[in-house]
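Here the structure is laid out as structure tokens; the discussion comes afterwards.
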Amino acid sequence: MLQVEGLSKTYNKSSRARVRAVNNVSFSVEKGQIVSLIGESGSGKSTIGNMVLQLTKPSSGRILFGNQDITRQRSRSSLKEYYRKVQGVFQDPFSTFNPIFRVDRVFAILHREFFPNEAAEAWQQRVEAALLSVGLTPAAVCGAYCHQLSGGQLQRILIARALLLEAELLVADEIISMLDASTRIDVLNLLGEMRERGLSMMFVTHDLSLGYYISDRVIILYKGVMVESGNTQTVFSDPQHPYSRSLLEAVPRLDVRWDELPPRPASRHEAAMFNPDCDKGSPRMEQIGEDHWIAVRDCLPGTEL
Amino acid sequence: EKETDFGRKDTVYVTGGMWSIPTSFNPITWSVPAGLRGLTYESLLTYDALSDQLKPWLAKSAVWQADGKTLRVTLNPGTTWSDGSPLTAEDVAFTFTYGAWSNPFAGYLETANVIDDRTCDLVFSDPAYHSINLNLYIWPIIPQKIWSQIPAEEATDFEPSLEQSIGSGPYVIEGYDQDRVVYQRDDDWWGIKGLERSFPAKRVVYIKSMANNVAMAMLSQGRELDMANNYVSGLPAFTANNPALHTYYKGAPYNLPDNIVFLMPNHTKKPFNDTAFRRALAFAINTDDIVEIAYENMIVKPENSLGLLPHPGWAAYNNDDIAKNLGYSFNQDEASRLLDAAGYRDTDGDGLREYPDGSALSFKVSVPYGWTDWMDALRIITDNFREVGLDARPDFPDEGRYQNEMVKGEFDMLLNNWGAYRSSSPFSLYQFLFSTYTPVGEDEWTGNFGRYDNETLRNLVQEFNRIPMDKTQESNAIVRQIQTVHMQDMPYIPLWINGMWFVANTNTWTNWPGEVGSTNQNYPSLWTDKLQIGGLWMLSEIKLK
Amino acid sequence: MSVEVENLKFYYRTRKGSVKALDDVSFSIADGEILGIAGESGCGKSTLSNGLIHVCPPMELAGGSVRLDGKNLPLDKPDEMNTYRFRNLSIIPQYALNAMNPTVKIGRYVQDLMQSRGIDYSAIEKLFADRLRFVRLPEGIQKRYPIELSGGMKQRVVMVISTLLNPSLLLCDEITSALDVSTQKVVSALVAAFRDEKIVKSVSFVTHDVPVLYQIADRILIMYAGQVAEAGPTEEIIHAAKHPYTQALVAAMPEMASTYRQKKHASIPGKPPALLDPPEGCRFKERCPYRMPCCDERPQKRLVGNGHEVYCWKEDL
Amino acid sequence: MRLKDNDILHYALRNRKLRIGLAIIAFFMLVMLAGPLFARWEARERAGLYPSAPPNSTNWMGTTKMKEDIFSQFIFGTQSTFLIGFLAGCIGTTIGLSIGFFAGYVGGWFDELLMMLTNILLVIPSIALLIILAAYLPYRGVQIQSVIIGCTAWPWVARAVRSQTLSLKQRGFVSLARISGVSPLRIIFEDIAPNMLSYVVMVFILQFGGAILYAVALDFIGLGPTRGISLGLMMQEAFQNNALQVGYWWWFIPSGLSITLIVSGLFFLNTGLDEVFNPKLRDQ
Amino acid sequence: MKKYISRKIFMYLLTFFVAISINWLIPRMMPGDPILNLISKLSRQATNNARLYAELNQKFGMDKPLFSQYLLYLKNLTQGDLGQSIIFYPKTVAAIVSKALPYSLTLTIPAILLSFLVGNYLGALAARKKMLDNTVLPFWYVLTATPYLWLSMLLAWLLGSKLNLFPISGAYSFSRLPSATLSFVLDYLHHWVLPFASIFFVQLGGWAIGMRNLIIYELDADYSKYLRALGAPDKLVRRYAYRNARLPQITGLAVQLGVVVVGAITTEVVFGYPGIGLILAQAILGQDYFVVQGAFLMVVLCVLGANFFIDIAYIFIDPRVRHSMIGD
Ligand SMILES: Nc1ncnc2c1ncn2[C@@H]1O[C@H](COP(=O)(O)OP(=O)(O)OP(=O)(O)O)[C@@H](O)[C@H]1O
Ligand SMILES: Nc1ncnc2c1ncn2[C@@H]1O[C@H](COP(=O)(O)OP(=O)(O)OP(=O)(O)O)[C@@H](O)[C@H]1O
Ligand SMILES: [Mg+2]
Ligand SMILES: [Mg+2]
């Protein structure tokens, strides 16, 4: 459904050195799939999300949605068309709502921008239905200001908003990192339900346990480069890239302590591994198992895997 | 007493007349630092503006020869330049034949024949007695040895250094800065013997005009200011509380009359090209208010509608009968009647008059922004106009724009006095008002800014100029004609007579000119070109307290 | 026991009334112990840490006492507290990444700080360098500005500075929340190492991230709405929690063991009460699946194991 | 800023600086609005019996040299001084806001261009512009003066607004609006601008005060209105006519004092608002 | 860093270029004819004005096509030739400006720098004590809100003419010419006091208020909290806050230094202080665009110079700036 091909982004801020935020990233999201982008802070996750949402312009590469390269069409009508199908939810629920308006303004905007012909009452009914389906009581949230609601409620409203548009792909950028443990799981579960209803998702997170919990596929990013990707279970149970291995080892778990972690067998692909810390060569994803890919150096052709 | 370089008792501090930073010490440009012409460079004669007498200075005499075209100038004995070299008839001849564009005799001086060391004949092709007379006491004699090195075209751009500033006068330039020029007495000045005159002050410090309140404060302190030739608002109230302050008259009008301010309508525009309208305006203005309110009684208004200065040199031409028969006086009813009669009526009932054809009538009267006394006076005038139903507005353009509009003839009405100063003959006034005519589109620089086109009058003014100074009766016959036309046509309306602003502090120097109790009966002005009509004498006759 | 907190109350005075952010909390930390403190956002964790260091308006001490190494802390006298701060108790604040003055070099900063506290810097200079080495910071960091360091480095510098005078009690307030997993691991391991090296005697480690506590804490204290819900040895709290809230909280933690498709974690319905005017009795009662009438009264502390305390009316704990 | 948050109102009412500022401004507003009921003459009307008269029962604040009623001048002068501040403030704020918004929001070369323009305008003394404009105008009125001041005072606003916009642009609600297909113009005016309301208000107040002071300086060096009256002109006329030296304090003091009071009132208001909007600054 | 500096230099040059071009345009955009003004100034009585007009037109280069006038202007500029004045004819603008500039600079630079230092100090002082803050803050507000000229006039009246403590006109006594003696210097200072004070006090209030606000923000910053948490005495906390609050104030200083030349116009007029401001005031009313142009050029140079200096200085005084330039 969504295909990202060779996507790169270089920020060229006037007073700064250039920042290569995203470097030759390719992946795809299938219908009904949750794909997690996992990486540390600054690894370029949000940048990818923003490029998919067309909030940032890629420096190079293509983003195909339904076989159309959306980076090429910038007319407002085609953009709108795109936003009917691809929607986003952002990290900070409190800043996603304009503090001076009531929260239901986001629905009014949708109505105005996308369904101008729909009668107000019919629309209201649809809004209420959507709110109910994300587990909110319409009466409790409509008319409130964002600071009167909890983060979880706000994120649910945004998900309801995507539902109203009948979006096919949801870009969820760290949508639970600012929520409390209990609300967090709540929203995650909601995402799971949404997947059941056929919604695809790009789930951006730095928390591996969350990625593990919810996603079908994971993409591990390091300094803007994909270092490993594949089926969640496969990757998490048998990480190959040293970076993903170290990440996984650092996750605090509730079953084992760090010092009690059983040692992993050595990586089978150490030599070929692409090291994003060195600038030479560009990464290429090499398949090493059924739906399991790792980054290798291009400049070493024919390396045995 | 604080330590200073100039002894207090050696120095006289004056202000007024120096409006800008000292630009160039070139005496033959028109924008010279005050004091330069008079203190450092001297003219042939001087003119006593109080008694209407030409008096010798560099020249012992300047006499018209029988042919009526030759003026014989005889220098006083012993005239020298400040470097000690003699000032001779050669220098005089050089000065008046030098080709600088500012040379006042350019165009009608035929030759200058040096007869001997002391004598020189100036031969004029067209003896314009009155203007020549004027320049004899205005124009400075310059040293040939310096100026002959300067090509005439560059003469006015020439900026003489202090070494090159060799004059013949009682003072030399000692130094200057942005806000002052310091003149130092030349103790070898020829005039000490030659004129039997001396100057008590070792230094004259000319201070650039300062803000009004500063001038007033400094005057009252008298520490570094002895005399001001500035208009000082609030002076009557201030002198009353400061016994050390001295004015020419003890009470109103405090100052001697010096120049006449005219209301100049633009004759190329409606409705000012209508004589009846202009006459009506003349009746509408309450000059008493201007005198009392705008000027706090520091000035006088003209004696009659001819608008001549009450000045002995002009007295012979003050033809009261003409004024009485043809003139005007403040009378708003009459103004209204005249306007009604000429068809300027309020037809649409808004309280303001329209043109006879019913179209709206409104106009502006301009004076430069910042000339506060004039601005105040103008407010009174436009109020007067509104009182008779005319939509007049005061307009205060910046000085630069005022000049531009004036020179190009693009104004409605304005106030001006540029050529209406106290002089040896009212010719200067009539020349200023009527002698030229330039159509709109061309630039008019010297007078008649309203473009009043009257050839007869122009000819009359020229005729006046060609009658020798002493033939007053003959001149007056012509002046009567001029005045008759003036009063009938009322091209320009005389408004008020500006004072020769003068206030002094008597703590250090006394015997300042004054109506009573002073032996210093001289015209109290140190403005450029007014030193030659009294200022020099005044300076030589003040006394240390 | 190096730290004994008894009936501590910190209120925020607001114009609508007092926010009872910390209401009658008692606990103790033994020598060489890391006490983990966890709870939902707004339950008063930071209030506890901040209050122990510096009670300043709008926060006020509403009651209770704190004993450190047997001495009562003069919490209500900020000036007197100054002698204890840094020397006896110290904090690694939540905002550790912004805790350094951006325009002052790190070495200079420590020097100023020491001098202002009347300590000879030269005496401590070597110790400082050693400690920096101990937390694996590169040489020469003293000559650098905070902005030139990465988040993890800044965090470690602050850790070193805060513990430079070997305080008895180290308060760590959410020091791992802003960090990446790998840095998080390093930093929390360092806290334990500080304790092991006897640089600090006891640690209070505040976080809402229960798995981290499981990794390093000796005992865990679970707070709810300004009060203690349960406290006990780590293993017991995580795997044998008694308080319904603790149970729900732990159950809501995703871990690297199961996925959504395998086992759906349950969340806690409802939200914590407002602390401006908290309900009488057990504060968790509104959300508690075992709610009983007696919950309207404040539950007493109950000892259910070795050092395991629960504040709950439920009988079959 | 949360309009709904009655905290704001609470602190606003409690804030002493705000109250002082409001009181001063309200007083002068009253002078300005109710004054004309009591002003028996026009500003330039020769009203008094005596020139330069001290305050008396007819001319409550005395008269000028031209017998004008200083009380009337004060009323109408306050009016135009407020008008200058208000108009210039509005113009300056509006231009600055628009440029700041668009530069910040659109970004890229558009931003660079606008910022260069802004920097150049910062560098070129605004009197330059004033002189050019003044030369073309048939006369200078209070309105024209304020237009000119407003047109030259905006660069600071633009700079500040731009950086605010840049940071607001990062906020989620802007992204949300963008993925809702809202047009950039709407985003700027519906989402970004209202969130800067408090900031805008403060900028406006500063511009208001700055314009008044600037106008005074212009009046003084002779670039003031050639028509009408303002407190600056009153001050200048008093100065020109030696009011202080001669002892006509009633002519010199009211104008200068009022300007000082009005502007300091505005500054008080500004700091007060700042404290109300920024909890950090509030008195505890 | 190099890239940053060269970029900055480029931007400054560009701005300078545009600014001087606009500056050149000023007189050309004016209605009216400067030469005409000059003539009416020069020759109220002279007769051959038409010839003079042609001569002067040529001399001022007004007869050339606009573009070559522009090139000429740039060329002359590189030689320090700013053209010729109209109201001060035949003085050159360069001569006028260079004579006036020292007076302006010795007046305004100390006034601004000292007010900056003292104001910041007082502001920092006030930020620490509620009492002090509440008592002096209103006073500062009133100070900054005072029009320069009003304060100037009050000072001149009270200290100058009533109490007779200070002279009120000129840059030094009229009873002397400049000399390199101590008594001249003292005299100069004596004259300098009042105009200095009137700028100093108005500016002082502004700096103090700015500093106070900044310090209050800084005292609430995390790093201040941390210092307090470590038991650092108030003195150190304030010192650090002051250190950081200074930085934005320095930016403000650049701006103020930039406008020194024009900023003091009113003060210079009131005290007859013979600086650029006084010249400018006269040139503006006399529509002497060439002098105006020259004075503005000075302003442009000052503003750009001061800003450039601060921009570069920032690299050294603020590690944050330096860091952001080098990149992460
Ligand atoms: N607008 C921007 N201008 C310049 N650099 C930027 C910009 N946005 C992001 N970057 C840089 O790009 C890199 C990737 O940023 P991004 O926000 O995509 O990371 P992230 O993985 O989402 O991190 P986080 O977990 O902190 O959100 C970072 O180094 C960041 O500094
Ligand atoms: N300055 C204050 N004024 C009033 N109430 C406050 C203030 N600071 C905190 N509170 C309230 O006190 C309670 C406890 O806050 P605290 O910051 O201690 O929570 P926390 O457990 O640290 O939360 P988090 O995990 O979000 O940091 C909260 O309800 C909060 O709203
Ligand atoms: Mg991100
Ligand atoms: Mg907290």
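Note on naming: letters A, B, ... go to the chains in the order of the sequence lines (proteins, then strands), and numbering restarts at 1 for each one.
For D:L213, the part sitting under 4.5 Å from any heavy atom of chain E is the side chain, from C-beta outward, and nothing else. Only the side chain of E:V292 comes within contact range of chain D, judged by heavy atoms closer than 4.5 Å. Interface remark: D:F252 contributes backbone and side-chain atoms alike to the contact with chain E (heavy atom separation under 4.5 Å). When heavy atoms are compared at a cutoff of 4.5 Å, D:W249 does not approach chain E at all. Within the 4.5 angstrom heavy-atom criterion, only side-chain atoms of E:S161, from C-beta onward, approach chain D. Of the two parts of D:F267, the backbone and the side chain both hold a non-hydrogen atom closer than 4.5 Å to a non-hydrogen atom of chain E. Neither the backbone nor the side chain of E:L143 comes within less than 4.5 Å of any heavy atom of chain D.
Ring geometry for D:F28 versus D:F74: interplanar angle over 60°, hence perpendicular rather than tilted (30 to 60°).
The pair D:E275-E:R212 meets the salt-bridge criterion, since a charged nitrogen lies less than 4.0 angstrom from a carboxylate oxygen. Ionic pairing of D:D111 and D:R162 is present here: one or more N-O contacts between side-chain nitrogen and carboxylate oxygen are shorter than 4.0 angstrom.
For the options E:A281, E:A145, E:A19, E:G205, heavy-atom pairs under 4.5 Å to chain D are most numerous at E:A145. When each of E:K162, E:M153, E:M11 is checked for heavy-atom pairs under 4.5 Å with chain D, E:M153 comes out on top. Options D:L261, D:I212, D:I253 differ in how many heavy-atom pairs under 4.5 Å they form with chain E, and the most are formed by D:I253. When each of E:L151, E:L25, E:T15 is checked for heavy-atom pairs under 4.5 Å with chain D, E:T15 comes out on top. Annotation: maximal heavy-atom pairing with chain D below 4.5 Å, among E:V269, E:V18, E:L149, occurs at E:L149. Heavy-atom pairs under 4.5 Å with chain E peak, among D:V263, D:I20, D:L266, at D:V263.
In this structure, D:F82 has its ring center under 6.0 Å from that of D:F208. Separation of the D:F220 and D:F239 ring centroids falls under the 6.0 Å cut-off. Between D:W250 and D:Y248, the distance separating the two ring centers is shorter than 6.0 angstrom.
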- Query: For D:S230 and D:D219, what are the C-alpha separation, side-chain angles and deciding distance, and is it a side-chain hydrogen bond (donor to acceptor under 3.5 Å, both in side chains)?
  - Reply: CA-CA 9 Å; D:S230 69; D:D219 289 354; 3.0 Å; yes
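Between D:K17 and D:L273 there is no side-chain heavy-atom pair separated by less than 4.5 Å.
To the nearest 0.5 Å, atoms CE (D:M116) and CD1 (D:I120) are separated by 4.0 Å.
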